[in-house]
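What follows is a single structure, written as structure tokens, with notes after it.
So you know, we letter chains A, B, ... as the sequences are listed, proteins then strands, and number each from 1. Small disclaimer: the values here were computed from a predicted structure and weren't measured.
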Amino acid sequence: MSHEQVETPAAEGGAATYDVEVMQEKWYQAWEDLQPFRASDDVVRSGTREKRYALTMYPYPSGDLHMGHAEVFALHDVIARYWWQRGYEVLNPMGFDSFGLNAENAAIRDNEHPATFTYANIGVSTESAKRFGASFDWSRTFNTSDPEYYRWTQWLFLKFYERGLAYRKKSPVNWCPNDQTVLANEQVIDGRCERCGAEVTKRELTQWYFRITDYAQELLDCLDDLAPTWPERVITAQRNWIGRSEGAHVTFPVSSVVEPGDEGARVETHDDITVYTTRPDTLFGATFMVVAADAPLAGELVTEGQRPAYDSYLEEVRKSTDIDRLSTDRPKTGVFLGVHATNPVTGAQIPVYAADYVLADYGTGAIMAVPAQDQRDWEFAEAFHLPIVRTVQPPEGWEGEAYVGEGPAINSHNDSVSLDGMGVDEAKRTIIDWLEAQGVGQGAVNFRLRDWLLSRQRYWGAPIPFIHCEKDGEVPVPEDQLPVVLPELRGQDLTPKGVSPLAAAEEWVNVECPRCGGPAKRDSDTMDTFVDSSWYFLRYCSPHDDTQAFDPDLVDLWSPCDIYIGGVEHAVLHLLYSRFFTKVLADMGLLKFREPFSAQLNQGIVINQGAKMSKSKGNGVRLGEQLSAYGVDAVRLTLVFAGPPEDDIDWADMSPSGSLRFLQRAWRLSGDVTAAAGADPASGDVALRKVTHKTLRECEQLVESHRFNVMVARVMELVNATRKAIDGGCGPDDPAVREAAEAVAIVLSLVAPYTAEEMWERLGHQPSVARAGWPVVDEALLVEDSVTAVVQVQGKVRARLDVPPTISDADLEAAALADPAVVRAIDGSTVRRVIVRAPKLVNIVVG
RNA sequence: GCGCUCGUAGCCCAACCGGUAGAGGCACCGCGUUUAGGUCGCGGCCAGUGAGAGUUCGAAUCUCUCCGAGCGCACCA
């Protein structure tokens with residue numbers, strides 16, 4: 001498809017034909033010269049303009065931009081450009097999340113250095129984003145793989161360490177066998193690697209963690225404040241992920257243990273088992289205990305007689321993936337550990353099992369099993385023929401198994417405490433008080449959130465700035481030795497081996513211990529790229545500062561972000577980590593705010609023919625082809641007009657050619673206007689002026705409520721009205737026509753910057769229209785002269801009356817009852833009631 | 001299994017506190033412009049809001065049930 005061209009008489013300034021390619025080339029150059037979107041610190045500092053910080057999730061440079069980028073940029077630009085037009089100084093930066101596995105894998109494949117791909121892709125993507133007309137301030141750009149950036153990522157790591165928020169521990173961790181690295185819990189989706197989809201397995205490894213759980217409560221509490229301006233689904237996802245629960249810790253003594261089959265033999269006394277439970281009220285029904293099979297506790301408890309059985313069970317558990325483990329209606333498995341514990345309220349000796357339905361890293365890794373009030377425990381009890389004692393009375397006619405609902409406690413008393421007859425809440429309070437008094441338990445809060453595992457066994461990331469010395473242990477790299485720069489590795493050197501490729505870079509790894517000067521080794525893991533992105537939005541405020549990660553004063557000037565636009569896939573990844581970082585930095589005294597993103601918008605995705613675009617389906621839509629066929633503006637307009645920004649866009653349902661037609665139609669207005677520039681619109685056609693001003697007011701409200709698709713529809717109406725005024729109304733020399741065309745150009749500048757710029761020039765103005773300023777709406781023109789009042793009889797519309805907007809209820813009722821059509825509809829029936837909502841409606845009830 | 005969101009013309013989508021179901025676009029048809037096609041201009045066609053019930057003077061909008069779609073959570077004790 002070639003560009004469609006429209007011939008019109010040459011107007012003052014601007015081309016006489018709507019030639020997409022010529023226009024795009026012309027304004028691309030002009031904007032490079034004008035730099036209309038440089039954010040000035042001084043302007044905000046001096047109070048000349050109020051600040052706005054518009055942020056879009058920075059991309060991973062995996063190649064050139066695609067439809068997804070185009071959509072986010074187009075939507076984001078509406079807001080950023082609107083803020084400029086409304087007189088704000090807008091910080092609208094863009095950079096690249098440029099560490100990561102794509103480049104590393106490509107480097108291995110092609111025997112290259114990851115930086116080669118990365119920086120080539122960044123170049124291409126930057127150029128494309130500029131040609132797309134995105135209003136980013138490129139003077140502030142950076143890449144997280146630049147040593148000037150990751151130096152500060154490393155510095156932050158050291159600061160976290162100093163505060164006890166970064167630590168190493170050995171633990172069973174998620175392992176992606178395809179990417180050959182560990183993963184954080186947040187990066188495991190339904191048992192699969194978030195990045196590559198491979199089934200995740202477990203490995204026992206020593207890894208670095210951030211103590212995000214220290215902030216669990218605050219991360220949860222602040223969600224209430226964010227709820228009005230964040231998408232509900234993100235709030236919900238984070239609440240679920242943090243997973244706060246209230247309950248109690250209860251200690252079960254493990255006493256004189258009897259080996260089964262050898263009733264006489266006494267085995268040594270073990271330590272107590274402490275469990276976490278959300279249902280301490282059901283303690284009387286705890287008939288056995290379960291320890292996570294892979295928890296160290298299980299190995300400590302197991303008797304010699306049961307060890308072989310336990311060992312083989314553990315091996316089985318270790319082999320299973322999360323996919324197996326999470327599959328529903330899988331029969332309960334486990335093994336008796338050979339020991340018994342004492343239920344602290346009943347004094348009963350209850351057996352202790354190891355099983356895989358209990359998780360090692362939640363709570364204490366052990367539970368009290370109450371089969372009557374927990375379905376999982378019920379199933380285990382059935383499988384192992386263990387007793388079931390109901391301690392909550394199920395309702396009449398209950399036919400289920402475990403009963404988890406509300407009901408009076410039963411069978412729940414001993415010599416010193418009784419819960420019988422109490423509701424669940426009262427029973428909980430009572431038993432917790434009793435446990436605390438006896439010193440065998442206390443109320444407790446638990447979170448589902450785990451600490452963030454951040455070390456990775458791959459090359460293309462920020463090296464962890466630590467040195468391991470046999471004598472001094474883990475030693476931080478002194479700050480003045482940052483950055484710890486990656487060694488030059490390429491191609492086969494990067495092949496994943498299960499340990500970081502950095503470990504093999506002998507010259508790099510072997511260093512002197514900063515403390516004792518003895519031989520030591522660098523930590524060879526790199527940081528998760530989510531560490532890079534947890535603070536990048538701060539760096540934009542002082543992107544070139546080589547003395548600190550960010551300038552607190554400048555961050556304070558611009559932050560927090562007033563809008564953050566991105567995909568909902570980061571609901572509990574990047575968005576949670578960034579919130580965590582912000583709170584830590586605030587505690588360090590570097591930030592004055594505790595939440596980084598005041599408002600958020602999740603855009604949908606672009607699909608094709610009802611399905612996600614993918615190579616295997618062959619339904620991909622190439623952005624480059626669409627841009628060549630229809631031009632930047634038409635593609636942008638199509639993306640914005642498609643529907644609500646949160647909704648997915650099926651490109652097959654869209655009509656970029658229709659968008660192009662509209663843009664040409666709008667553009668032609670600018671050539672038809674003959675009223676002189678600067679002509680006083682007050683002398684112009686009032687009807688058209690009313691449309692113009694009403695449209696502008698509506699567009700303001702629509703942008704602010706993120707209903708960009710409706711805003712486009714309003715501009716289309718204004719274009720139609722202006723067209724009619726020119727051809728059949730007040731004529732092209734009326735100042736109101738000029739006013740309308742200028743309004744069209746300004747509103748269009750939010751969506752179709754090339755067309756808008758061209759219109760603006762043809763209307764006799766200097767570029768850039770993007771900084772022309774939003775027209776002041778004349779409130780007087782928003783007042784309607786007359787409105788249509790509807791008259792209903794029995795709810796059916798019988799007449800429409802033109803009435804003044806100020807009409808009184810009484811006058812409107814009189815007018816309605818006098819209308820011949822209404823009289824006919826009433827037809828002598830008795831009027832029972834008349835509802836009047838002046839000036840819009842009258843409903844007459846007869847009967 | 002539990003929870004949330006959404007079902008409006010052939011299609012994408014509008015409709016503020018319940019108050020005229022239609023703003024805009026696509027597709028289609030007609031008329032005009034044009035050598036013709038496209039463009040352009042004008043006009044037209046098209047649903048009673050997934051189904052049913054309730055509340056109300058009045059329901060796309062509120063309530064309940066069902067159907068359908070999408071999303072989230074799902075051994076976290």
Side-chain angles (χ1 to χ4, degrees), chain A residues 4-8 18 190 232-234 236-237 239-241 243-245 247 275-280 282 286 290 292 325-330 332 355-359 361-370 373-377 379-380 404 446-450 568 571-572 637-638 641-644 646-650 652-659 661-662 664-665 668 698 701-702 705 707 709-720 723-724 726-728 788-800 832-837 840-847:
Chain A
E4 295 166 53
Q5 298 188 357
V6 181
E7 306 275 346
T8 65
Y18 187 88
D190 293 332
E232 190 189 325
R233 52 183 173 168
V234 175
T236 308
R239 280 210 181 102
N240 287 339
W241 190 260
R244 183 185 197 272
S245 70
V275 302
Y276 172 73
T277 177
T278 56
R279 292 295 302 274
T282 64
V290 184
R325 202 179 59 75
L326 294 172
S327 75
T328 44
D329 50 70
R330 191 179 56 117
K332 291 279 178 291
D356 67 352
Y357 82 94
V358 172
L359 306 175
D361 57 352
Y362 181 77
T364 62
I367 62 156
M368 63 180 213
V370 187
Q373 274 87 226
D374 184 293
Q375 186 61 29
R376 299 155 298 182
D377 297 342
E379 287 162 16
F380 193 89
V404 299
N446 220 335
F447 294 93
R448 188 179 168 279
L449 181 71
R450 311 294 153 80
V568 74
V572 290
L637 183 76
T638 304
F641 185 51
E646 300 86 356
D647 289 4
D648 290 348
I649 299 171
D650 193 334
D653 295 334
M654 295 300 122
S655 174
S657 61
S659 299
R661 273 206 300 277
F662 163 72
Q664 289 172 334
R665 196 170 138 80
R668 266 187 301 112
E698 285 181 342
Q701 292 162 350
L702 290 164
S705 55
R707 298 190 309 156
N709 55 324
V710 186
M711 179 200 74
V712 171
R714 294 288 172 269
V715 194
M716 289 173 167
E717 283 180 80
L718 180 56
V719 168
N720 291 345
R723 183 81 258 153
K724 277 192 175 137
I726 291 171
D727 291 346
T788 303
V790 172
V791 186
Q792 299 174 330
V793 178
Q794 301 292 71
K796 281 192 182 127
V797 179
R798 296 297 184 185
R800 291 161 208 269
R832 299 257 177 228
R833 198 173 154 193
V834 182
I835 293 106
V836 187
R837 293 284 179 274
K840 301 206 62 163
L841 179 128
V842 179
N843 190 9
I844 299 160
V845 185
V846 299

How many Å lie between [atom1] on [X] and [atom2] on [N], as a whole number?
{"X": "A:Arg714", "N": "B:G24", "atom1": "CZ", "atom2": "P", "result": "9 Å"}
{"X": "A:Arg239", "N": "B:G72", "atom1": "CZ", "atom2": "P", "result": "18 Å"}
{"X": "A:Gln701", "N": "B:C17", "atom1": "CD", "atom2": "P", "result": "13 Å"}
{"X": "A:Asp356", "N": "B:A77", "atom1": "CG", "atom2": "P", "result": "17 Å"}
{"X": "A:Glu646", "N": "B:G72", "atom1": "CD", "atom2": "P", "result": "16 Å"}
{"X": "A:Asp650", "N": "B:G25", "atom1": "CG", "atom2": "P", "result": "21 Å"}
{"X": "A:Asn709", "N": "B:C26", "atom1": "CG", "atom2": "C1'", "result": "15 Å"}
{"X": "A:Arg668", "N": "B:G41", "atom1": "CZ", "atom2": "P", "result": "5 Å"}

Between [N] and [M], how many Å separate the two [atom1] atoms, rounded to a whole number?
{"N": "B:C11", "M": "B:A27", "atom1": "C1'", "result": "7 Å"}
{"N": "B:C13", "M": "B:A9", "atom1": "C1'", "result": "11 Å"}
{"N": "B:G19", "M": "B:U5", "atom1": "C1'", "result": "26 Å"}
{"N": "B:G52", "M": "B:C57", "atom1": "C1'", "result": "23 Å"}
{"N": "B:G18", "M": "B:U56", "atom1": "C1'", "result": "9 Å"}
{"N": "B:C62", "M": "B:C71", "atom1": "P", "result": "24 Å"}
{"N": "B:U8", "M": "B:G72", "atom1": "C1'", "result": "26 Å"}
{"N": "B:G50", "M": "B:A60", "atom1": "P", "result": "10 Å"}

Original post:
Mapping A:Asn720 and A:Phe662 to their closest nucleotides on RNA chain B, which lands nearer the 5' end?
Top reply: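 Result: A:Asn720.
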Original post:
When you match A:Met716 and A:Asn240 each to their closest nucleotide on RNA chain B, which lands nearer the 5' end?
Top reply: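 Looking at the nearest nucleotide for each, A:Met716 comes out on the 5' side.
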Proximity to the side chain of [X] - top-ranked nucleotide from [options]:
{"X": "A:Lys724", "options": "B:A77, B:G41, B:G43", "value": "B:G43"}
{"X": "A:Arg661", "options": "B:G41, B:A27, B:A15", "value": "B:A27"}
{"X": "A:Arg448", "options": "B:G41, B:C13, B:C73", "value": "B:C73"}
{"X": "A:Lys332", "options": "B:C75, B:C13, B:A15", "value": "B:C75"}

Given that both distances must come in under 3.5 Å, which nucleotide forms a Watson-Crick or G-U wobble pair with [N]?
{"N": "B:C2", "value": "B:G72"}
{"N": "B:C28", "value": "B:G44"}
{"N": "B:G54", "value": "B:C62"}
{"N": "B:U34", "value": "none"}
{"N": "B:A9", "value": "none"}
{"N": "B:A21", "value": "none"}
{"N": "B:A15", "value": "none"}
{"N": "B:U39", "value": "none"}

Polar pairs (N or O, both sides) under 3.5 Å between protein and nucleotides 52-60 of chain B?
| unit_1 | atom_1 | unit_2 | atom_2 | d |
| --- | --- | --- | --- | --- |
| B:C57 | OP1 | A:Arg833 | NH1 | 3.1 |
| B:C57 | O2' | A:Asn843 | ND2 | 3.4 |
| B:C57 | O2 | A:Asn843 | ND2 | 2.5 |

Original post:
Which residues satisfy the side-chain hydrogen bond (donor to acceptor under 3.5 Å, both in side chains) test with A:Asn240, sequence neighbours excluded?
Top reply: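 Testing A:Asn240 for side-chain hydrogen bond (donor to acceptor under 3.5 Å, both in side chains), a comparison that skips the adjacent residues, returns none.
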**OP:** For A:Asp647, check side-chain hydrogen bond (donor to acceptor under 3.5 Å, both in side chains) against everything at least two apart and list the hits.
**Re:**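 Listed in chain order: nothing, the list is empty.
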Classify [X] by what it touches in the nucleic acid, base, sugar-phosphate, or nothing, heavy-atom distance under 4.0 Å.
{"X": "A:Thr277", "value": "sugar-phosphate"}
{"X": "A:Val715", "value": "nothing"}
{"X": "A:Ser659", "value": "nothing"}
{"X": "A:Arg244", "value": "nothing"}

Original post:
Should A:Asp374 and A:Arg279 count as an ion pair when the cut-off is N to O under 4.0 Å?
Top reply: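 Looking at A:Asp374 and A:Arg279, the cut-off is not met.
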Original post:
What is the minimum heavy-atom distance between A:Thr282 and A:Met368, and which atoms define it?
Top reply: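 Heavy atoms only, the tightest pair is OG1-CE, 3.8 Å.
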Measuring only between side-chain heavy atoms, which start at C-beta, is [X] closer than 4.5 Å to [Y]?
{"X": "A:Val791", "Y": "A:Arg798", "value": "no"}
{"X": "A:Ser655", "Y": "A:Thr638", "value": "no"}
{"X": "A:Asp356", "Y": "A:Arg330", "value": "yes"}

Distance in Å, [X] [atom1] paired with [Y] [atom2], rounded so as to fall on 0.5 Å steps:
{"X": "A:Thr277", "Y": "A:Asn446", "atom1": "OG1", "atom2": "CG", "result": "10.5 Å"}
{"X": "A:Arg837", "Y": "A:Asn843", "atom1": "CZ", "atom2": "CG", "result": "9.5 Å"}
{"X": "A:Met716", "Y": "A:Phe641", "atom1": "CE", "atom2": "CZ", "result": "4.0 Å"}

**OP:** Indicate whether OP1 or OP2 belonging to B:A15 is found under 4.0 Å from a side-chain N or O atom of A:Arg707.
**Re:**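 So the side chain of A:Arg707 is within the cut-off, an N or O lying under 4.0 Å from OP1 or OP2 of B:A15.
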Original post:
Taking the inter-plane angle between the rings of A:Tyr362 and A:Tyr276 on a 0 to 90° scale, is it parallel (under 30°), tilted (30 to 60°) or perpendicular (over 60°)?
Top reply: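 Perpendicular: the ring planes of A:Tyr362 and A:Tyr276 meet at over 60°.
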**OP:** For B:C17, measure the glycosidic angle (O4'-C1'-N9-C4 for a purine, O4'-C1'-N1-C2 for a pyrimidine) and name it syn if it falls within 90° of 0, otherwise anti.
**Re:**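 Nucleotide B:C17 adopts syn.
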Original post:
For B:G48, does the glycosidic angle fall within 90° of 0 (syn) or outside that (anti)?
Top reply: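 The base of B:G48 is oriented syn (glycosidic angle within 90° of 0).
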Subject >> Qualifying residues under ring-ring contact (aromatic ring centres under 6.0 Å, His included), relative to A:Phe447, sequence neighbours excluded >> reply: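 A:Phe447 satisfies ring-ring contact (aromatic ring centres under 6.0 Å, His included) with no residue once adjacent residues are dropped.
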**OP:** Not counting sequence neighbours, list each pair that qualifies as a salt bridge (charged side-chain N to carboxylate O under 4.0 Å, His left out) and has a residue in residues 709-719 of chain A.
**Re:**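 Every salt bridge (charged side-chain N to carboxylate O under 4.0 Å, His left out) pair that includes a residue of residues 709-719 of chain A, provided the two are not neighbours, is A:Glu698-A:Arg714, A:Arg714-A:Glu717.
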Tabulate atom names and distances for all N/O pairs under 3.5 angstrom spanning the protein and nucleotides 9-12 of chain B.
| unit_1 | atom_1 | unit_2 | atom_2 | d |
| --- | --- | --- | --- | --- |
| B:C12 | O2' | A:Ala642 | O | 3.0 |

